[in-house]
Amino acid sequence: MASMIVDKADEKIIHLIRPDVQKMQVNHVPPTRGMIKLDARENPYTWPAYLRGEWLEEMQGVAMNRYPDPESTDLKARLRQVFDIPHSMELMLGNGSDELIQIISLAMRGAGRKVLAAVPTFSRFQMISAFAGMEFVGVPLSEEDFSLNMPAMLTAIDQHQPAVIYLASPNNPTGNVYSQDEIGQLLDSTHALVVVDESYFGFSGESMMAQLERYDNLLIMRSLSKMGLAGLRLGYLVGSPRWISQIDNLRLPFNINTLTQFTAEFALNYFDVFEEQIEQIRRDRIWVAENIHRLKGAEVFPSEANFILFRVARGSANAVDASLKQKGVLLRNLSDDSPLLRDCLRVTVGKPSENVAFISALTSSV
Ligand SMILES: *Cc1c(COP(=O)(O)O)cnc(C)c1O
């Protein structure tokens with residue numbers, strides 16, 4: 001009986017669910033309890049006790065019986081202030097920047113439209129493009145320093161006429177920023193919407209924000225995740241009101257819930273606390289990089305983000321990864337993700353004690 005129901009459900013599924021969706025395989029993240037988690041590019045610091053106390057105190061006044069403000073008016077005003085968003089530009093919020101990528105994808109017209117990105121990069125660009133039925137074109141970065149391969153980018157733009165181009169700067173997982181001149185050349189070379197993803201801008205200090213006035217096809221996307229609020233899910237998109245109002249038509253009215261609006265606004269009132277944490281991470285990034293560099297056979301790539309990409313001796317990445325895991329340290333093994341990342345691992349900069357534990361585990365693993 002039960003199996004008949006299963007069979008019948010399968011029949012309906014085959015008939016009703018998109019064939020490309022039926023073929024998708026989503027990776028599930030293994031449990032990580034008790035591990036030193038340096039795999040997810042999170043800020044390792046929690047809030048100081050006085051902040052948590054004040055937050056809980058103020059939260060008592062939040063009306064959970066009411067729907068959220070669909071425009072997130074107060075939070076947007078705060079974001080504008082804290083991040084110096086030009087007055088002439090509009091702001092749209094997403095439930096994490098991954099929702100923004102999803103909404104942008106849904107907004108693009110025409111069947112068979114393409115998304116282009118310099119790769120290796122944030123896997124969400126490709127994943128969400130696939131969900132939206134868009135074709136993804138990945139153009140490899142330069143092999144030596146992961147800079148944009150401009151001739152290859154320009155050729156691919158010409159050949160594929162993409163609707164959207166994503167450029168993450170600093171890029172994940174490589175950690176480098178792209179030249180603003182080169183981003184400008186790409187903007188000039190295409191009719192595509194170019195989304196510069198600045199999720200790590202706090203760690204690099206570089207931004208295309210001042211260029212928004214200059215290009216009519218540029219949007220800037222950012223997230224509070226790497227700054228220290230990954231659990232909150234808040235991303236923001238900045239650009240001309242013309243673009244933003246179109247894309248905003250597809251945003252569900254209550255995508256930013258009341259707790260997120262309240263908590264993000266609260267946290268931004270204490271932005272200096274997060275700035276201090278970011279400064280600490282930037283300092284510790286140097287320490288971690290130097291200590292990986294000391295190890296025999298290891299190559300460290302310069303990083304402007306809160307993580308470090310490094311290469312271990314040829315053919316040893318999987319063994320090093322397994323050994324670190326066994327010693328309780330979790331990082332990201334990218335060795336099989338792209339030919340450019342052969343033997344590469346990515347480690348998030350953690351608290352000093354975590355960094356020491358990582359370096360010690362790595363020293364006995366390479
Ligand atoms: C982490 C990251 C984000 C942030 O995603 P959220 O959904 O906002 O947490 C966006 N882009 C890149 C390149 C990232 O690495």
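We count residues from 1, following the sequence as given. From a predicted model like this one, the values you see are computed outputs, not experimental measurements. Counting starts at 1 for both ligands and their atoms, in listed order.
Among all protein heavy atoms, the one lying closest to atom 5 (O) of ligand 1 is Ser97 OG, 3.0 Å. Looking from atom 15 (O) of ligand 1 to the surrounding protein, the closest heavy atom is Tyr200 OH, 2.6 Å. The protein atom (non-hydrogen) at minimum distance from atom 12 (C) of ligand 1 is Asp197 OD2, 3.3 Å. Among all protein heavy atoms, the one lying closest to atom 7 (O) of ligand 1 is Arg233 NH2, 2.6 Å. The protein heavy atom nearest to atom 10 (C) of ligand 1 is Ser199 OG, 2.9 Å. For atom 9 (O) of ligand 1, the nearest protein heavy atom (residue, atom name, distance) is Ser225 OG, 2.6 Å.
When the options Lys351, Lys226, Gln280, Gln277 are evaluated for a side-chain contact (heavy atoms from CB on, under 4.5 Å) with Asn43, the one that passes is Gln277.
Distance check: Phe358 CZ to Asn291 CG gives 9.5 Å after rounding to the nearest 0.5 Å. In this structure, CG on Leu237 lies 12.0 Å from CE on Met89, to the nearest 0.5 angstrom.
Enclosure of atom CZ in Arg18 by more than 12 non-hydrogen atoms of other residues, nucleotides or ligands within 6.0 angstrom is indicated. In the displayed structure, Tyr50 atom OH is contacted under 6.0 Å by more than 12 heavy atoms of other residues, nucleotides or ligands.
Across the listed options Gly231, Ser223, Gly94, Ser223 owns the non-hydrogen atom lying nearest to atom 8 (O) of ligand 1.
Relative ring orientation between Phe125 and Tyr166 is described as parallel, the plane-to-plane angle staying below 30° on a 0-90° scale split at 30° and 60°. Classification of the Trp47-Phe266 ring pair by plane angle, with boundaries at 30° and 60°, yields parallel.
Between Tyr200 and Phe307, the distance from one ring center to the other falls under 6.0 angstrom.
If you number the atoms of ligand 1 from 1 as listed, the ones under 4.0 Å from a heavy atom of Lys226 come out as 1 (C), 2 (C), 3 (C), 4 (C), 14 (C), 15 (O). Taking every non-hydrogen atom of Gly96 and a distance limit under 4.0 Å, the qualifying atoms of ligand 1 come out as 7 (O), 8 (O). Those atoms of ligand 1 that come under 4.0 Å of a heavy atom in Asp98, given as number and element, are 7 (O).
Heavy atoms of Glu99 found under 4.0 angstrom from ligand 1: none, in either backbone or side chain.
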